[in-house]
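First the structure, in the form of structure tokens, and then the observations on it.
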Protein chains: 2
Amino acid sequence: MTDTPATPRRRGAARTEELLRVTLDLAAEVGYAGLGIEAVARRAGVGKHTIYRRWPSMSALLLDALSRVWASDLDYRDTGDVRADLREQFLRSGLALSSPPIGPVYRAVIAEAQADSTLRATLHERFLATVEQRTLDRITRAQRTGELTAEANLEFAAEVLCGTLYYRSLLSTRPIDENAVDGLLDMFMAAYGTSTRTRAQTSHAASCETPQVGAEPVPRPANPRLSQTTTSDPPSC
Amino acid sequence: MTDTPATPRRRGAARTEELLRVTLDLAAEVGYAGLGIEAVARRAGVGKHTIYRRWPSMSALLLDALSRVWASDLDYRDTGDVRADLREQFLRSGLALSSPPIGPVYRAVIAEAQADSTLRATLHERFLATVEQRTLDRITRAQRTGELTAEANLEFAAEVLCGTLYYRSLLSTRPIDENAVDGLLDMFMAAYGTSTRTRAQTSHAASCETPQVGAEPVPRPANPRLSQTTTSDPPSC
DNA sequence: TCCTATCGGCACGTGGCGTGCCGTTGACAG
DNA sequence: CTGTCAACGGCACGCCACGTGCCGATAGGA
């Protein structure tokens with residue numbers, strides 16, 4: 001990459017930025033295994049103190065690194081079609097969760113969280129619960145517009161939707177492909193959708209191309225980066 | 001039983017059994033943190049070789065230990081009421097996943113699986129997929145008896161049901177209580193149940209009349225704060 | 001220009017892993 | 001009763017990562 005050209009040997013806040021980037025690069029290359037403080041320090045050409053001065057543990061570093069890449073382009077769209085919006089977002093999130101930068105870091109955090117209940121709570125509060133909340137917001141709007149039944153318990157629905165995706169990407173060995181997302185949405189819409197009872201059309205979505213043209217789920221919204229500040233923005237599902 | 005009075009110094013296969021038991025005991029006491037080969041060896045008064053001769057790594061030991069305590073709880077009942085059977089099983093599994101013997105071991109395996117794709121595949125095949133399969137079997141029978149719609153995609157349904165439970169118990173911080181299980185089953189039955197549209201009465205088995213009046217006949221939309229009750233009612237009726 | 005916090009480098013102690021070696025033990029064969 | 005041999009407990013080693021302490025160098029502000 002574009003490593004520091006000369007050698008502006010040391011800075012205060014720029015180092016923090018660089019260390020986060022190095023952590024993500026390292027995670028993308030070597031995965032969770034071999035991802036430690038010393039590895040990051042070596043990779044960045046940095047003393048371990050420089051890391052410990054910023055984060056108390058590897059877990060904290062990982063959380064910040066995760067915020068950096070998991071926060072940005074993750075808001076749900078609202079085209080008026082819940083199912084399409086959810087589908088687009090789920091596919092995008094599923095891809096992200098399985099891809100080099102985010103996947104390994106997420107795995108690392110989850111692994112360490114198994115031995116640290118405090119970290120587990122932080123992980124849940126800072127990421128999982130936030131993701132559920134975004135999902136809940138989106139389907140709540142759909143409920144208000146009449147796309148979903150009024151008596152649907154959307155809190156649980158949001159958890160089920162997000163939980164299934166996390167389960168599949170992090171615990172299962174199956175990929176989050178269109179088939180999986182459609183199956184999940186089939187069940188969700190069958191339960192709480194108000195339009196045509198049989199919106200399902202179980203799987204086999206690949207047999208015929210998506211008829212929709214106007215609301216083509218082409219994920220190319222390219223959300224304008226609101227701000228690239230290092231503030232840990234909440235992610236979405 | 002407080003055995004091991006004397007010192008029946010060494011055996012062949014009985015040692016294996018004892019080591020599995022010690023591993024579970026140790027996991028129940030110290031949790032995932034501090035659960036390693038040396039810890040097990042010390043606890044069992046055993047040389048590390050005695051462990052390495054049986055399992056190539058801690059992960060393998062944990063998998064075997066997990067099999068020992070997790071295998072017996074996998075069978076669903078079949079009372080003729082899918083929802084009641086699922087509910088009972090989910091509550092039982094949720095309690096087990098959060099309790100000392102199984103919970104910590106499960107967490108340990110999941111943590112190590114994040115760094116080892118082979119272990120992840122084994123974990124999925126040996127446990128997660130098996131649980132899904134049992135669930136699939138049960139709801140498939142329900143589909144045949146007409147309790148579930150014929151066009152329901154039960155494979156995804158089984159994954160959603162199990163995945164949500166695993167997500168909640170292992171990644172989330174919320175307990176698997178009756179509220180959660182009922183919410184999950186509400187969605188499942190609303191999607192694929194055939195019995196009227198009135199989804200979701202906290203069905204306590206139609207077979208036995210529960211005099212309980214606290215049961216909610218209708219899913220109150222006013223689902224308030226997640227009231228975290230710890231196992232208030234026995235699942236059996 | 002000087003001052004000082006930050007930095008890189010190095011070393012230390014701790015602790016778990018996985019392996020090798022050695023003397024012991026006990027089940028089984030004769 | 002005795003011999004044999006594999007399994008065993010104990011010990012030690014090298015390795016590596018962690019978290020900390022110390023020291024001289026450096027850069028950016030006063």
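Throughout, protein chains are lettered first and strands after them, A, B, ... in sequence-line order, and every chain is numbered starting at 1. Scope of the values below: all heavy atoms of this structure, side chains included, with no hydrogens, waters or symmetry mates.
Distance, D116(B) CG to dC17(C) P: 15 Å, rounded to whole Å. In this structure, the CG atom of L35(B) is 18 Å from the P atom of dG15(C), given to the nearest Å. Rounded to a whole Å, the CD atom of E18(A) is 17 Å from the P atom of dT6(C). The interatomic distance linking E38(A) (CD) with dC10(C) (P) rounds to 13 Å, in whole Å. Separating the CD1 atom of I37(A) from the P atom of dC16(D) is a distance of 19 Å, rounded to the nearest angstrom.
Toward the 5′ end of DNA chain C lies the nearest nucleotide of A13(A), the other residue of the pair R42(B) and A13(A) mapping further downstream.
Screening residues 97-115 of chain A for salt bridge (Lys or Arg N to Asp or Glu O under 4.0 Å), with sequence neighbours left out, gives no hits. Here salt bridge (Lys or Arg N to Asp or Glu O under 4.0 Å) pairs that include residues 47-56 of chain B, with residues two or more places apart or in two chains, are E38(B)-K48(B).
Between D64(B) and R126(B), at least one side-chain N (NZ, or NE/NH1/NH2) sits under 4.0 Å from a carboxylate O, which counts as a salt bridge.
Residues forming a side-chain hydrogen bond (donor to acceptor under 3.5 Å, both in side chains) with R42(B) (at least two apart in sequence, or on another chain): none. With sequence neighbours left out, Y167(A) forms a ring-ring contact (aromatic ring centres under 6.0 Å, His included) with Y166(B). With sequence neighbours excluded, the residues forming a side-chain contact (heavy atoms from CB on, under 4.5 Å) with I139(A) are V82(A), L86(A), L136(A), L148(A), L154(A), A157(A), A158(A), F188(A), listed by chain and number.
Within a heavy-atom distance below 4.0 Å of DNA chain D, the residues of residues 43-60 of chain A found are K48(A), H49(A), Y52(A).
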